[in-house]
Amino acid sequence: MLELNDLTLHYGQSQILNGISMSANVGEVTCVMGTNGVGKTSLLKAISGVHHRSGGSYRLDGEEIAKPPPYVLAHKGVGVVPQGRDIFPLLTVRENLETGYACLPASEHKVPDEIFTLFPVLKTMQNRRGGDLSGGQQQQLAIARALITKPKLLLLDEPTEGIQPNIIQQIGEVIRYLRAQGTMAIVLVEQYFRFAYDLADGFVVLERGAVRVAGKKADLTEDEVLAAVSV
């Protein structure tokens with residue numbers, strides 16, 4: 001679903017990403033890991049079109065991607081759950097979900113029952129404002145909003161950050177469910193090692209904007225991944 005080759009990214013004169021090559025397959029979770037400041041969020045922003053890459057190639061579902069704005073990539077099937085969640089605080093839960101309709105034809109403008117099965121709390125809070133929800137509830141809403149767009153590629157940026165343990169467990173169960181459906185590739189940026197390691201089918205570990213270690217979980221020991229992440 002996703003294939004990057006030698007992707008580079010600059011902010012002004014500073015090079016943030018240096019020759020990133022990676023792939024993400026449908027029905028798999030690819031975890032992007034590394035210490036703070038190595039370029040994980042910048043990589044997701046390059047994939048989602050928020051930042052335009054400086055060089056390298058980007059293929060999505062077999063299509064060569066130029067440098068379109070984020071809304072074009074959203075229509076092509078890139079769903080994003082950003083770090084910080086970016087919930088609209090004055091819109092209700094339902095209105096936040098309905099913003100995902102922008103990527104769908106009018107005939108599909110409805111909230112699937114599956115959303116409320118995965119996130120029951122959202123059903124009971126449909127009329128509450130997004131800004132009144134707890135951090136964990138907002139994180140669930142952010143994931144649900146991305147799923148409304150029916151993504152082919154789902155990008156999750158630090159979904160466990162600042163979230164209580166019971167919600168972290170529920171988010172993990174949702175990610176496992178989505179993987180099992182076999183309809184999307186999932187790229188997970190995560191600092192919580194145990195959460196990431198348990199979910200991952202493959203790893204991309206970044207160091208100073210470059211790939212330090214990459215491979216399938218079956219080909220890497222836990223100690224190898226942990227050592228790379230801890231540098």
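Salt bridge status for D61 with K152: present, with a side-chain N to carboxylate O gap under 4.0 Å. Remark: R179 does not engage E28 in a salt bridge, criterion side-chain N to carboxylate O under 4.0 Å. Using a cutoff of 4.0 Å between basic side-chain nitrogens and carboxylate oxygens, R194 and E222 are scored as salt-bridged. Taking a cutoff of 4.0 Å between a charged side-chain nitrogen and a carboxylate oxygen, K216 and D219 do not qualify as a salt bridge. Ionic pairing of E108 and K150 is present here: one or more N-O contacts between side-chain nitrogen and carboxylate oxygen are shorter than 4.0 angstrom.
N5 is not listed as a side-chain neighbour of L7, based on a closest heavy-atom distance of 4.5 Å or more. Proximity of T30 to M22: side-chain heavy atoms (C-beta onward) are separated by under 4.5 Å at one or more points. Looking at heavy atoms from C-beta onward, N25 lies out of side-chain contact with M1 at the 4.5 angstrom threshold. Looking at L141 and F119, their side chains never come closer than 4.5 Å, going by heavy atoms from C-beta outward. A 4.5 Å side-chain heavy-atom check between L90 and E95 finds every atom pair outside the cut-off. Contact check for L153 versus I47: side-chain heavy atoms found under the 4.5 Å cut-off. Looking only at side-chain heavy atoms (C-beta outward), M33 and V204 stay at 4.5 Å or farther from each other. The shortest distance between side-chain heavy atoms of V32 and L206 falls below 4.5 Å.
L178 and I167 fall within the same hydrophobic cluster, where Ile, Leu, Val, Met, Phe, Trp and Tyr residues are linked whenever their side-chain heavy atoms come under 4.5 Å apart, directly or through other members.
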Audit row: I186, D201, side chain to side chain contact (heavy atoms under 4.5 Å, CB included) steps and yes/no = CA-CA 10 Å; I186 300 171; D201 296 290; over 6 Å; no
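Checked against salt bridge (charged side-chain N to carboxylate O under 4.0 Å, His left out), K110 has no partners two or more places apart in sequence or in another chain. Legend: residues meeting side-chain hydrogen bond (donor to acceptor under 3.5 Å, both in side chains) with Q169, ordered by chain and number and at least two apart, are absent. Taking R208 as the reference, nothing meets the side chain to side chain contact (heavy atoms under 4.5 Å, CB included) condition, with sequence neighbours excluded.
Side-chain N/O atoms of D157 and T41 include a donor and acceptor closer than 3.5 Å. Between the side chains of S42 and Y11, at least one donor-acceptor pair of N or O atoms lies under 3.5 Å.
Applying the side-chain hydrogen bond (donor to acceptor under 3.5 Å, both in side chains) test to every pair with at least one member in residues 181-192, sequence neighbours left out, gives these pairs: N36-Q191, T160-E190. Listed by first and then second residue, the side-chain hydrogen bond (donor to acceptor under 3.5 Å, both in side chains) pairs that reach into residues 111-122 are E114-Y177, sequence neighbours excluded. Sequence neighbours left out, the pairs with a member in residues 134-144 that pass side-chain hydrogen bond (donor to acceptor under 3.5 Å, both in side chains) are S134-Q137, Q140-Q170.
For the residue pair A146 and V80, the shortest heavy atom distance occurs at CB-O, 3.8 Å. Annotation for V211 and S21: closest pair CG2-O, 4.1 Å, computed over non-hydrogen atoms. Pairing each heavy atom of L188 with each of L199, the nearest pair is CD2-CD1, 4.1 Å. What you find for V213 and A228 is that their closest heavy atoms are CG2-CB, 3.6 Å. Scanning all heavy atoms of the two residues, the minimum distance from Y101 to V111 falls at OH-N, 3.4 Å.
Counting heavy-atom neighbours within 6.0 Å of K67 NZ, excluding the residue itself, gives a total above 12. Applying the 6.0 Å contact sphere to NZ of K40 captures more than 12 heavy atoms from other residues, nucleotides or ligands.
Between Y197 and F203, the two ring planes are parallel [angle under 30°; tilted spans 30° to 60°]. Using a 30° and 60° split on the angle between ring planes, Y71 and H75 fall in the perpendicular class, above 60°.
With H10 contributing its side chain and S54 its backbone, the two residues share no donor-acceptor pair below 3.5 Å.
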